[in-house]
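Remember, predicted model here, so these are calculated numbers, not experimental data.
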Amino acid sequence: MPFSHLPTRLAEALTQRGYEALTPVQAEVTQDDARGRDLLVSAQTGSGKTVAFGLAMAQDLLDDGALPAPRLPLALVIAPTRELALQVAKELGWLYAAAGARVATCVGGMDASRERRALSHGTHIVVGTPGRLRDHLERGALDLSALKVAVLDEADEMLDMGFREELEALLDATPTDRRTFLFSATLAKPIVALAKRYQRDALRISTVGEDRGHGDIAYQAITVAPSDIEHAVINLLRFHEAETAMLFCATRDNVRHLHANLVERGFSAVALSGEHSQSERNHALQALRDRRARVCVATDVAARGIDLPTLSLVVHVELPRDAEALQHRSGRTGRAGKKGTAVLIVPYPRRRRVEMTLKQAKINAEWLPVPSVEDIKAKDRDRLIEKITAPVEPDEDDRALAAELMEKMTAEDIAAALVRAHRASMPAPEELIDRAPADGPARGAVHRPGFDDTIWFRMNVGRRQNADPRWILPLICRRGHVTKSEIGAIRIGAGETRFQVPRAIADRFMREVTKSAGPDEDVLIEQADGPPPPGTRGDHEPRHGKPRNHSRPMHRARPAGPGAGHAPRAPKPHRGKPPKR
């Protein structure tokens, strides 16, 4: 037997489950030096943590390979969310089934009276969320006086969610000689303080280095103009056509907004955030499992504990707050030996921050452009040909219908109608403002036919202020209420930028810029006195010695921050400082 060092019944359960070897964290917690000790473990999502602490607690729960009659709980597992708690209970259920374990769950959104009855009938292992467990404890339904093992799963997340008081109340109600397992992705100061207070001579185990990055996850990063983030999401979904995809947003408002837009565009999508009731969450998850929905838009906390076997694509629509959040989010895919893809959508001004986050996470991401309309059509074509040419065994009804169609239409017309019907069922991809290669030079607008009669305008930002066509063009379009096709050449100099607007719309453009101006704007737009000096290729110094053209007043146009989908704020030229990233 490959797990000879484990209790026989647990080893048999692992074998029946298809385990051929233990994961790194499972191997570490079952070593001889871990026996009888408290454990402080760092391990990533998807590393087999639940089975790990299930194996580690076996020596305290089993007597001659079996559990005693169910009475007061012997083990308590605390998890941050209902979904994670139910998943943990399910895992421990099959692991300890042969040993006769009775596992009770105590989570929000379920019938509390039924949970109290289950506790009163006796149990071996209790799994629950902090709030519901504390409620049962204070009502006298949960007696922890016989507890031998307490497990805090994803302790860092529970502290971030504000459950410190609940955790302390539960641990204070347990015997002092219990073993305490603390599983956390990070060891921030609050985690260290909790460990010092409730653990004794804890063995420190870390498999983060081995798990980090998840070998079965391909990481990609795409750079976009801030105003094109939503269009990039649509193109990514259409390009990958994943069986199940999860999109991560930072707030419930953004989840609501993105979900509504995707549904409007024709995607079968559900949403998960703190504003949804437990019933709504259950319906959403069931829709994903039944394949009635293929896209889930969620916040970090709402996605905790969700295990979807068909999930192959994770998109970070809004950037994770740090490397650990990136790992937690991405860990929803690439499980059980299956391949997954995690894509970060990176606004141009935030690329440097993302590169630092990836470096901290020790992840090598491939920087790619956003899939274009042509890329998506090519993928659609290949998928359709593969689908139609796949071997099938048509029944008599199918053959009869095919014969009837052949009498009315040619084979070419039937094939064209099939292709048209297939394409009509899919949301249309989006044209983006800019699709410069991720590692290539930025492309500014160039002179095009129809722009022979133009007016030059200027902005008081240039290369010294990190001016870039990728955020300047959206800014001009937004402030002047024009489209990108109505902007001609853009010439970025050292201290200023000049761009063309057709003379026919120049007055309207300037009126809109005036309306959008504010009293404290830093980026200024005004009509220029002509094109950039010849021969400078746009990289010229501002002509400080020449008096300003007062034929038109200078109007100020300030872009909002990147989080609002706008360009970064740039300072006035005379300050000589780059915009804050």
Is a donor on one side and an acceptor on the other found under 3.5 Å between the side chain of Glu91 and the backbone of Val88?
no
A side-chain contact here means heavy atoms from C-beta on lying under 4.5 Å apart; do Arg82 and Met110 qualify?
yes
Atom CZ in Phe183, atom CG in Asp156: separation rounded to 0.5 Å?
12.5 Å
Classify the ring geometry between Phe457 and Phe509 as parallel (under 30°), tilted (30 to 60°) or perpendicular (over 60°).
perpendicular
Where is the tightest heavy-atom contact between Ala232 and Ile345, given as atom of each residue plus distance?
CB-CD1, 4.3 Å
Any heavy-atom pair between the side chains of Leu326 and Leu344 that's under 4.5 Å?
yes
Evaluate the criterion salt bridge (charged side-chain N to carboxylate O under 4.0 Å, His left out) for residue pair Glu154 and Lys49; output intermediate values, then yes/no.
CA-CA 10 Å; Glu154 299 199 4; Lys49 294 181 298 166; 3.5 Å; yes
Can you find a heavy atom in the side chain of Leu475 that is under 4.5 Å from one in the side chain of Met459?
yes
For Leu319 and Arg329, work out which heavy atoms get closest and say how close.
C-NH1, 3.8 Å
Quick check: does any side chain N or O of Asn235 sit under 3.5 Å from a backbone N or O of Pro429, one acting as donor and the other as acceptor?
no
Is any NZ, NE, NH1 or NH2 atom of the basic residue among Lys377 and Asp380 found under 4.0 Å from an Asp or Glu carboxylate oxygen of the other?
no
Within the distance-only criterion (no hydrogens, no angle test), does the side chain of His316 pair as donor or acceptor with the backbone N or O of Ala342 below 3.5 angstrom?
no
May I ask you to decide if Asp397's main-chain N or O and Asp395's side chain share a donor-acceptor pair within less than 3.5 Å?
yes
Do Leu262 and Ile234 have side-chain heavy atoms sitting under 4.5 Å apart?
yes
Would the distance check show the side chain of Thr299 and the main-chain N or O of Ser273 forming a donor-acceptor pair, the cut-off being under 3.5 Å?
no
Sidechain-backbone polar pair: Gln360 side chain, Ala323 backbone, donor-acceptor under 3.5 Å
no
Looking only at heavy atoms, the pair that brings Leu258 and Cys249 closest together is CD2-SG, 3.8 Å
Pair Glu230 + Arg265, salt bridge at N-O below 4.0 Å:
no
Atom of Thr341, atom of Ile217 and distance for their closest heavy-atom approach
C-CG2, 4.5 Å
Within-4.5 Å side-chain heavy-atom neighbours: Phe499 and Leu473
no
Any non-hydrogen side-chain atom of Arg252 less than 4.5 Å from a side-chain atom of His276?
no
Indicate yes or no for a side-chain donor-acceptor contact from His283 to the backbone of Glu280 under 3.5 Å, with no hydrogens or angles considered.
no
Look at atom CZ of Arg353 and say whether more than 12 heavy atoms of other residues, nucleotides or ligands are closer to it than 6.0 Å.
yes
Without swapping roles, check the side chain of Arg238 against the backbone of Pro427 for a donor-acceptor pair under 3.5 Å.
yes
Between Asn282 and Ser279, is there a side-chain donor-acceptor contact under 3.5 Å, judged purely by atom types and distance?
no
Are Arg351 and Glu355 ion-paired here, with the side-chain N under 4.0 Å from a carboxylate O?
yes
Identify whether the distance between the nearest side-chain nitrogen and carboxylate oxygen of Arg256 and Glu275 falls below 4.0 Å.
yes
Side-chain H-bond candidate by donor/acceptor type, His257 with Asn261, under 3.5 Å:
yes
Chi angles and distances behind the side-chain contact (heavy atoms from CB on, under 4.5 Å) call for Leu272, Leu285:
CA-CA 9 Å; Leu272 290 177; Leu285 291 174; 3.9 Å; yes
Are any side-chain N or O atoms of Gln500 and backbone N or O atoms of Ala489, one a donor and one an acceptor, separated by less than 3.5 Å?
yes
Is the side chain of Arg294 donor-acceptor paired with the backbone N or O of Glu241 at a distance under 3.5 Å, no angle test?
yes
Using a 4.5 Å cut-off on heavy atoms from C-beta on, say whether the side chain of Ile363 contacts that of Gln327.
yes
Indicate the atoms forming the closest heavy-atom contact of Phe163 with Pro80, along with that distance.
CE1-O, 4.1 Å
Correct closest heavy-atom pair for Leu236 and Leu313 would be O-CD2, 4.4 Å
Quick check: do Val370 and Asp228 have side-chain heavy atoms less than 4.5 Å from each other?
no
